[in-house]
Amino acid sequence: MNLIITITAITSILSIILIVVSFWLPQITPDYEKLSPYECGFDPLGTARLPFSIRFFLVAILFLLFDLEIALLLPLPWGNQLTSPLLTFLWALIVLVLLTLGLIYEWLQGGLEWAE
């Protein structure tokens with residue numbers, strides 16, 4: 001019982017310290033950039049009819065693609081317990097090779113460069 005009270009006290013004190021620091025630390029140096037809203041590189045107070053940069057779209061698509069890769073490879077450790085784990089690892093290898101080839105193609109085409 002004494003251990004539970006000690007652990008609860010330590011976690012409570014640590015949580016209170018982190019909460020105080022998180023409220024106190026950002027107020028030290030507020031400047032214009034930190035206080036301004038950020039909307040995908042657009043000025044939020046300007047017109048809404050500006051052309052959309054394809055670079056933001058490309059980064060979003062690449063993020064979704066590699067996020068999907070993680071979701072597809074998540075059950076891979078449990079594939080070791082199947083009757084034929086070699087087939088599972090072969091499919092995982094095919095997915096990784098395809099994504100790596102796609103990344104190399106994007107890299108060589110210059111799709112990952114922000115500056116012209």
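Just so you know, residue 1 is the first one in the sequence shown, and it goes up from there. Heavy-atom basis, side chains included; hydrogens, waters and symmetry copies ignored.
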Apart from Leu108 itself, residues in the same hydrophobic cluster as defined by side-chain heavy atoms under 4.5 Å: Ile104

Other residues, nucleotides, ligands: >12 heavy atoms within 6.0 Å of Leu64 CG: yes

Identify each donor-acceptor pair in which a side-chain atom of residues 6-21 lies under 3.5 Å from a protein atom, sequence neighbours left out, and give them as a table.
{"residue": "Thr6", "atom": "OG1", "partner": "Asn2", "partner atom": "O", "Å": "2.8"}
{"residue": "Thr8", "atom": "OG1", "partner": "Ile4", "partner atom": "O", "Å": "2.7"}
{"residue": "Thr11", "atom": "OG1", "partner": "Ile7", "partner atom": "O", "Å": "3.0"}
{"residue": "Thr11", "atom": "OG1", "partner": "Thr8", "partner atom": "O", "Å": "3.0"}
{"residue": "Ser12", "atom": "OG", "partner": "Thr8", "partner atom": "O", "Å": "2.8"}
{"residue": "Ser15", "atom": "OG", "partner": "Thr11", "partner atom": "O", "Å": "2.8"}

Using atom types as modelled, flag every donor-acceptor pair under 3.5 Å from a side chain in residues 87-96 to any protein atom, sequence neighbours excluded.
none

